[in-house]
Amino acid sequence: PAEPTMVLRLKFLNDTERLARVRPGDTVGALKRAYFPGQEQQVRLIYQGQLLRDDTQSLAALHLAHNSVLHCHISPHSPAPAPAGPRASADPAHAALDVGSLVLPLFVLMLAVLWYFQLQYRHVFTATATTFLAGLTLLFSFVAFTMYRR
């Protein structure tokens, strides 16, 4: 039996939309080739906040449903392929600092330092400050576990 087709909504930065008819077995790369011919290397597809980097991944593996929205960003120029190995960031002009990957460790470090000071210098922390620190730690833990549980 033929694989059923589904419609995906391709949404662009200027809020325009384009409908794409695909099959769940199609890959991200096939979608780019079909709807952005000649621009495959310039197109970035984002689904639920995640950049779809792997062009060999099937749409079914992404759990896309009928009428799902894929956000599309088309770069004005083609990005250079990322070099492999330890010399990947040897050229500082092309190596962008991924600040997003540093936020979680820095926040954990900040909470650890605050808890250290709370335990070592208990007399400086009021009951309100300690309660706030405990609440912030619980909130952060909840958010971190729900984000990284996927």
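Computed from a prediction, not measured in an experiment: that's the story for all the values here.
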Please go through L62's hydrophobic cluster and name the other residues, only I, L, V, M, F, W, Y counting, with side-chain heavy atoms under 4.5 Å joining them. M6, L8, L10, F12, V22, V28, L31, Y35, F36, V43, L45, Y47, L52, L59, L64, L70, I74
Walk me through whether T146 and F142 qualify under side chain to side chain contact (heavy atoms under 4.5 Å, CB included). CA-CA 6 Å; T146 54; F142 175 74; 3.9 Å; yes
Any salt bridge between E40 and R33, counting N to O under 4.0 Å? no
Testing the basics here: between P24 and S58, what is the closest heavy-atom pair and its distance to 0.1 Å? O-CB, 4.0 Å
Who pairs with D55 by salt bridge (Lys or Arg N to Asp or Glu O under 4.0 Å), at least two apart in sequence or on another chain? K32
Considering all heavy atoms of both residues, which atom of H73 and which atom of S75 are nearest to each other, and what is their separation? CE1-OG, 3.7 Å
What do you reckon, is CZ of R9 surrounded by more than 12 foreign heavy atoms closer than 6.0 Å? yes
ILVMFWY clustering at 4.5 Å (side-chain atoms), partners of I46: L51
Heavy-atom side-chain proximity of V108 to F140 below 4.5 angstrom: yes
Excluding sequence neighbours, so at least two apart, what forms side-chain contact (heavy atoms from CB on, under 4.5 Å) with T126? T128, A129
Are V113 and L111 connected into the same hydrophobic cluster when the rule is that any two of I, L, V, M, F, W, Y join if their side-chain heavy atoms are below 4.5 Å apart? no
As an exercise, state the distance from CD of Q39 to SG of C72, rounded to the nearest 0.5 Å. 10.5 Å
Do any pairs count as a side-chain hydrogen bond (donor to acceptor under 3.5 Å, both in side chains) and have a residue in residues 112-123, sequence neighbours left out, and if so which ones? W115-T137, Q118-T130
Distance from M110 atom CE to L114 atom CG, nearest 0.5 Å? 6.0 Å
Other than V7, what residues sit in its cluster of Ile, Leu, Val, Met, Phe, Trp and Tyr side chains whose heavy atoms are under 4.5 Å apart, directly or through others? L19
Check for me, please, whether F132 and F125 land in the same ILVMFWY cluster - side-chain distances under 4.5 Å, paths through other members count. no
